[in-house]
Amino acid sequence: QQNFSINLMKVLIKNATIFSPSSPFHGKNKHIFIDNGIISKIGNNLKVTANKTIDVKGLCVSPGWVDCFANFCDPGEEYKETLETGVMAAAAGGFTEVMLIPNTQPVVYNKSQVEYLVQKSKSLAVTIHAIGAITKNAEGKELSEMFDMQHSGAIAFSDGLNPVQSSGILQKALEYILAIGGTIIQLPDDKTIGTHGLMNEGEISVKMGLQGKPALSEELMIARDIEVLRYTDSKIHFTGISTQKSLELIAAAKKEKLNVSCSVTPYHLFFCDEDILDYNTNLKVNPPLRTKKDRDALRKGIKSGMIDFIASHHQPQDWDHKICEFQYAKNGMETLESVFGAAGICGISTETFVKMQTENIRKVFNLPPVSIAEGEKANLSLFIPDEEYIFEEKHIQSKSKNNAFINKKLRGKVFGIINKDGLFLNK
């Protein structure tokens with residue numbers, strides 16, 4: 001399915017439309033010549049000698065996409081995913097950089113765990129960034145050594161799938177990161193509300209006889225976190241927001257000029273609680289899929305620019321944890337390969353998608369900007385935005401196959417990436 005060859009010395013991309021809002025070539029159709037990982041020439045009808053030429057109808061090129069919330073299960077649960085297979089999934093989805101949540105075994109809460117990921121990343125086709133846990137073992141009790149972790153390469157801080165429940169701990173963490181210029185990522189979920197909920201609490205959960213998790217568990221957490229943020233004057237990013245009210249709370253905080261940003265998953269944009277009527281365990285996620293009204297509000301939030309970017313929430317689960325009764329299935333969906341196609345079919349324009357996954361996300365996490373210009377290092381995503389296709393299991397490069405987009409029509413196909421002197425193409 002995939003063909004990855006590293007160290008292709010000279011690559012010529014012909015007739016590609018460049019999507020790079022900050023580049024003078026934005027919106028223009030050009031030839032791009034890459035020599036030893038550096039963009040050497042951009043122009044029309046370049047006459048150069050290349051050992052790989054790419055000439056595909058409708059091809060577009062943008063700076064490499066970034067994802068801010070994925071689990072590669074390594075170390076500890078390599079039977080679900082490894083760093084190597086996670087990177088394959090990311091590259092197949094058009095991502096050149098991925099931020100990994102700390103919920104591995106052991107949890108990434110000290111500098112040696114961060115260093116493991118930083119070292120491993122050097123030999124991988126996709127750059128992986130460590131997110132350090134806010135608290136020791138992501139247990140929410142005692143702050144971790146965030147300064148040490150940042151010094152070793154941690155890019156942000158989050159307890160990932162175990163959001164910080166204690167207001168006091170969150171306050172301390174927000175104050176701590178002020179000094180080191182970090183960002184806290186929270187998955188908004190008050191675990192004391194709807195603790196055993198299996199899906200969104202509402203008409204559908206009643207109809208299905210499944211215990212519900214109310215929107216309140218998310219909205220209350222966002223409201224509280226915003227209050228603590230206001231008090232500390234620090235910086236927070238909410239990921240996986242799923243309700244209209246959540247969006248309204250964040251919009252009000254942004255209007256107040258608080259340092260807040262948010263992201264949404266591809267599955268909250270595409271699906272709603274009605275899609276669970278056939279008890280598809282791949283749709284068992286946290287936060288749960290909400291109502292159609294919430295889903296439509298999220299789509300509007302992207303188009304209006306209120307939502308800053310999409311976060312994959314790539315969470316591989318092995319067969320045993322998904323092919324079982326709904327109540328016993330674990331939360332989470334494998335998503336990286338389907339993010340772009342899902343966004344396209346939800347009506348998100350290529351221009352918006354590229355701006356979100358390149359400029360917006362880099363700004364929030366203080367990543368250096370990437371541009372398509374002569375003399376710059378090639379960090380590129382290659383894609384065909386108008387192509388519609390049925391997403392199939394063969395498109396999945398992850399070890400796990402728990403992806404609810406299988407057999408769905410998506411719009412926008414990833415052709416490949418160029419990163420770290422290497423070329424990775426989807427066949």
Side-chain angles (χ1 to χ4, degrees), residues 2-67 90-97 125-127 309-310 339-341 343-344 348-363 367-389 411-427:
Q2 252 66 27
N3 157 31
F4 182 60
S5 59
I6 198 80
N7 295 333
L8 272 172
M9 311 299 274
K10 299 176 194 298
V11 180
L12 176 62
I13 302 169
K14 287 184 164 183
N15 305 313
T17 303
I18 295 173
F19 278 88
S20 178
S22 61
S23 161
F25 301 110
H26 181 56
K28 298 194 168 116
N29 193 287
K30 295 282 173 193
H31 282 28
I32 303 169
F33 180 55
I34 295 146
D35 189 355
N36 274 327
I38 303 291
I39 299 170
S40 165
K41 286 180 186 162
I42 301 174
N44 300 322
N45 303 316
L46 296 179
K47 298 283 182 276
V48 291
T49 308
N51 36 5
K52 176 76 182 171
T53 300
I54 297 167
D55 191 358
V56 178
K57 191 175 183 290
L59 188 70
C60 297
V61 176
S62 78
W65 305 338
V66 184
D67 177 47
F95 293 93
T96 61
E97 295 178 51
V126 169
T127 305
F309 40 87
I310 295 172
V339 175
F340 180 55
I348 294 155
S349 72
T350 307
E351 189 114 6
T352 300
F353 183 85
V354 168
K355 188 171 188 302
M356 289 193 303
Q357 306 310 131
T358 58
E359 295 188 1
N360 293 5
I361 194 165
R362 287 179 177 282
K363 204 166 156 193
L367 282 162
V370 168
S371 67
I372 299 180
E374 290 180 359
E376 292 284 333
K377 205 151 177 35
N379 175 346
L380 306 172
S381 299
L382 285 61
F383 52 96
I384 305 163
D386 299 328
E387 187 169 334
E388 290 196 350
Y389 61 103
R411 184 169 198 263
K413 215 165 194 181
V414 172
F415 187 75
I417 62 166
I418 295 178
N419 189 39
K420 295 190 181 179
D421 307 351
L423 175 69
F424 183 112
L425 297 182
N426 283 327
K427 279 275 178 68

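- Judged purely by atom type and a 3.5 angstrom limit, Thr352 has no side-chain atom pairing as donor or acceptor with the backbone of Ile348.
- Atom NZ of residue Lys413 and atom CG of residue Leu382 lie 14.5 Å apart, to the nearest 0.5 angstrom.
- If you take CD1 on Ile361 and NZ on Lys355, they are separated by 12.5 Å, rounding to the nearest 0.5 Å.
- Looking only at distances, no side-chain donor or acceptor of His31 sits under 3.5 Å from a matching main-chain atom of Asn44.
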Take Thr96 and Val66, measure what side chain to side chain contact (heavy atoms under 4.5 Å, CB included) needs, and give me the verdict at the end. CA-CA 6 Å; Thr96 61; Val66 184; 5.5 Å; no

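- One distance of note links CD of Glu374 with CD1 of Ile38; it measures 12.5 Å at 0.5 Å rounding.
- Under 3.5 Å, the side chains of Gln357 and Asp67 contain no donor-acceptor pair of N or O atoms.
- In this structure the side chain of Val339 reaches within 4.5 angstrom of the side chain of Ile310, judged on heavy atoms.
- When each of Asp421, Ile34, Asn36 is checked for a side chain to side chain contact (heavy atoms under 4.5 Å, CB included) with Lys377, only Asp421 meets the rule.
- Between Lys14 and Ile54, every side-chain heavy-atom pair lies at or beyond the 4.5 Å cut-off.
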Can you check side chain to side chain contact (heavy atoms under 4.5 Å, CB included) on Lys420 and Thr127, steps first, answer last? CA-CA 8 Å; Lys420 295 190 181 179; Thr127 305; 3.4 Å; yes

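- Note that CG of Asn15 is 5.0 Å distant from CG of Asp55, once rounded to the nearest 0.5 Å.
- A donor-acceptor contact shorter than 3.5 Å links the side chain of Asn419 to the backbone of Ala125.
- Between atom OG of residue Ser371 and atom CD1 of residue Ile18 there is a gap of 10.5 Å, rounded to the nearest 0.5 Å.
- Annotation: side chain of Asn45 is not in contact with side chain of Lys30 (no heavy-atom distance under 4.5 Å).
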Mind running salt bridge (Lys or Arg N to Asp or Glu O under 4.0 Å) on Glu387 and Lys57 for me, showing each step along the way? CA-CA 10 Å; Glu387 187 169 334; Lys57 191 175 183 290; over 6 Å; no

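- No side-chain donor-acceptor contact under 3.5 Å links Arg362 to the backbone of Pro369.
- Of all the heavy atoms in Gly64 and Val370, the pair that sits closest is N-CG1, 4.5 Å.
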Apply side chain to side chain contact (heavy atoms under 4.5 Å, CB included) to residues Lys10 and Leu12 and explain how you reach the verdict. CA-CA 7 Å; Lys10 299 176 194 298; Leu12 176 62; over 6 Å; no

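- Annotation: side chain of Phe95 is not in contact with side chain of Ile417 (no heavy-atom distance under 4.5 Å).
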Determine, stepwise, if the pair Ile13 / Phe33 fulfils side chain to side chain contact (heavy atoms under 4.5 Å, CB included). CA-CA 6 Å; Ile13 302 169; Phe33 180 55; over 6 Å; no

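- The heavy-atom pair separating Pro385 from Phe340 by the smallest distance is CA-CZ, 4.0 Å.
- Formation of a donor-acceptor pair under 3.5 Å by the Ser381 side chain with backbone atoms of Gly94 is found in this model.
- One distance of note links CZ of Phe25 with CD1 of Ile32; it measures 9.0 Å at 0.5 Å rounding.
- The backbone N or O of Ser22 sits less than 3.5 Å from a side-chain atom of Glu359, completing a donor-acceptor pair.
- Looking only at distances, no side-chain donor or acceptor of Asp35 sits under 3.5 Å from a matching main-chain atom of Ser40.
- Each of Phe383, Phe19, Trp65 was checked for a ring-ring contact (aromatic ring centres under 6.0 Å, His included) with Phe353, and the lone residue meeting it is Trp65.
- Across every non-hydrogen atom of Thr358 and Pro63, the tightest pair is CG2-O, 3.3 Å.
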